Number of protein chains: 2
Amino acid sequence: MTTPDKPAPKRAAGRKALAPWRAIRADILSRIQSGDWGPGSHLPKEVDLAASYGCTRSTVSRALRDLAEAGFLERRRKGGTRIAENPVRKARLDVPLLAEAILRAGHTATCRTLRAGMRPLPAAVARRLGRPAGLPVFEVLTLHLADDRPHFLEHRYIDPRLAPGVEGADLTASGIDVWLLHNAPFSRLEIALSAVPARGEVAEALNLPPQSPCLLMERASWRREQPLGLLLLYHAAGVPVLAHL
Amino acid sequence: MTTPDKPAPKRAAGRKALAPWRAIRADILSRIQSGDWGPGSHLPKEVDLAASYGCTRSTVSRALRDLAEAGFLERRRKGGTRIAENPVRKARLDVPLLAEAILRAGHTATCRTLRAGMRPLPAAVARRLGRPAGLPVFEVLTLHLADDRPHFLEHRYIDPRLAPGVEGADLTASGIDVWLLHNAPFSRLEIALSAVPARGEVAEALNLPPQSPCLLMERASWRREQPLGLLLLYHAAGVPVLAHL
DNA sequence: CAGTGGTCTAGACCACTAG
DNA sequence: TAGTGGTCTAGACCACTGA
């Protein structure tokens with residue numbers, strides 16, 4: 001882009017020859033952040049931007065789409081492109097396998113199944129999943145250890161009809177999450193984070209004084225439009241969950 | 001796609017006429033989730049997929065790129081495309097303006113500035129930001145209320161050199177976050193979530209019993225590659241942060 | 001070094017929606 | 001209803017990387 005007719009040395013010399021659409025994205029982003037374009041203001045339409053950058057509309061479109069997905073821009077068919085008023089910025093939250101999260105932190109990951117078996121779905125969980133209470137579900141309580149010290153506690157309720165065979169899953173080699181990944185992958189995931197006091201078996205398993213703060217991550221998952229199960233994941237206080245923009 | 005030579009009625013009749021690349025994405029995803037393609041296995045190369053779907057490589061590419069960004073696939077130039085072994089699924093975490101988060105929940109949003117002024121950067125914050133302790137920074141402590149009840153406590157440290165004019169910002173009309181959005185937008189954001197006990201002024205401001213669990217969201221932001229500031233956001237226990245896949 | 005994905009072009013049709 | 005973005009095609013060159 002920006003080159004007239006010669007073969008173009010693919011980008012003078014400078015850095016690492018950013019791909020054109022990335023360069024355009026960076027340019028527009030810098031204009032937004034420098035204040036050239038304030039929140040709510042309109043950008044030129046794609047065709048005009050393409051002309052000014054000396055490339056095709058597709059290339060500009062790629063850059064704008066990316067910025068829109070990141071939450072910086074809002075686009076509408078006839079309304080054009082504008083700087084987002086309320087930047088509901090979209091941060092990315094990594095959701096790794098449980099053992100992997102520990103390994104990444106540089107620890108040895110092991111886990112111990114504390115309890116596993118069928119039981120009627122508790123009312124509180126039923127409400128969260130939109131399932132009738134009392135439904136027979138498979139429950140697993142697993143303690144994950146980092147370097148042999150309690151790291152987090154995994155408490156799952158799984159609908160066996162959507163995960164045929166869970167009851168016989170081998171939980172000695174790896175966590176139930178690995179089994180689920182291979183045998184009953186979810187298609188939708190909803191995550192809620194909150195802080196709760198450690199109580200009863202949670203406090204005991206994590207070796208925390210009762211009432212001490214615990215980070216609770218609730219993950220409700222769906223499979224084929226149906227509620228597959230609920231995961232309650234308790235982190236000892238202070239273990240952070242990371243996201244980035 | 002999948003149409004031979006006739007003009008094509010743009011997609012039989014069924015639903016809402018999904019765009020071709022979306023249809024392809026859905027098809028591949030369903031094949032992954034039905035177990036046709038297990039974790040680690042290879043997908044056909046783009047050209048072959050394009051042929052089998054009866055469309056161009058670009059269209060297939062669009063679908064595969066999207067799945068790769070979502071964490072379902074891993075792609076390499078000569079290595080081809082394969083089902084992700086460890087699906088570090090990427091969930092989206094909404095990061096709205098503070099007042100907006102309250103409004104969305106259907107409450108009236110107001111805020112009260114408890115403290116604002118210059119002070120030396122505390123050591124703990126300095127470490128988190130990679131800045132020398134003692135650096136003069138602007139500190140703001142704001143209580144956000146939902147229907148006049150304490151909802152969350154916002155504690156900010158801002159480097160005034162990267163946000164010229166903060167010291168004189170009008171904090172009566174709207175929160176400091178709105179001011180920052182217009183005057184010193186960040187370019188990078190790192191979020192960490194943890195559970196902490198409510199202590200001192202945090203407990204007092206949120207009207208919580210001391211030591212009760214609090215959800216702490218730390219947001220470190222950068223501007224032009226430099227640390228702009230740190231936000232410590234305390235939610236009363238139980239207020240959830242939502243993400244989705 | 002050869003194969004695969006990454007990206008760009010030039011052009012086209014279409015869907016949504018603001019005015 | 002007209003203007004804008006959303007998407008597709010057909011083809012091309014190039015960058016990265018596995019064998």
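Since we're looking at a predicted model, the values are computed, not measured. In what follows, every chain begins at residue 1, and chains take the letters A, B, ... in the order their sequences are listed.
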Taking 4.0 Å as the cut-off, does a side-chain nitrogen or oxygen of [X] come that near to OP1 or OP2 on [N]?
X: T59(B); N: dT7(D); value: no
X: T56(A); N: dG11(C); value: no
X: R76(B); N: dT4(C); value: no
X: R62(A); N: dT7(C); value: yes
X: K45(A); N: dT4(D); value: yes

Task: Check: Y157(A) and L231(A) side chains under 4.5 Å, non-hydrogen atoms - done: no

Rounded to the nearest Å, what distance is computed from the [atom1] atom of residue [X] to the [atom2] atom of nucleotide [N]?
X: W21(A); N: dG6(C); atom1: CH2; atom2: P; value: 11 Å
X: R25(B); N: dG6(D); atom1: CZ; atom2: P; value: 15 Å
X: L18(A); N: dT7(C); atom1: CG; atom2: P; value: 10 Å
X: R77(A); N: dC14(C); atom1: CZ; atom2: P; value: 13 Å
X: R75(B); N: dA15(D); atom1: CZ; atom2: C1'; value: 15 Å
X: Y53(A); N: dA10(C); atom1: OH; atom2: C1'; value: 21 Å
X: L64(B); N: dG6(C); atom1: CG; atom2: P; value: 9 Å
X: K78(B); N: dG5(C); atom1: NZ; atom2: C1'; value: 12 Å

Which heavy atom of [X] sits nearest a heavy atom of [Y], and at what distance?
X: P132(A); Y: A126(A); result: C-CB, 4.0 Å
X: V60(B); Y: C55(B); result: CG2-SG, 3.8 Å
X: L129(B); Y: A220(B); result: CD2-CB, 4.3 Å
X: A63(A); Y: R25(A); result: CB-N, 3.8 Å
X: W179(B); Y: P164(B); result: CH2-O, 3.7 Å

TODO: Select from R57(A) and S58(B) the residue whose nearest nucleotide in DNA chain D is closer to the 5' end of that strand.
DONE: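 Nearest nucleotide further toward 5': that of R57(A).
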
Open item on the list: Assess the residue pair R219(B) and L230(B) against the criterion (side-chain contact (heavy atoms from CB on, under 4.5 Å)); give the C-alpha distance rounded to whole Å, side-chain angles, the decisive distance to 0.1 Å, and a yes or no.
Closed with: CA-CA 6 Å; R219(B) 300 189 205 167; L230(B) 183 68; 6.0 Å; no

Open item on the list: Please compare R65(B) and G79(B) by the position of their nearest nucleotide in DNA chain C and report the one closer to 5'.
Closed with: G79(B)

Open item on the list: For Watson-Crick and G-U wobble pairs within 3.5 Å on both distances, what is DNA chain C written in dot-bracket notation, | included for inter-strand pairing?
Closed with: ||||||||||||||||||.

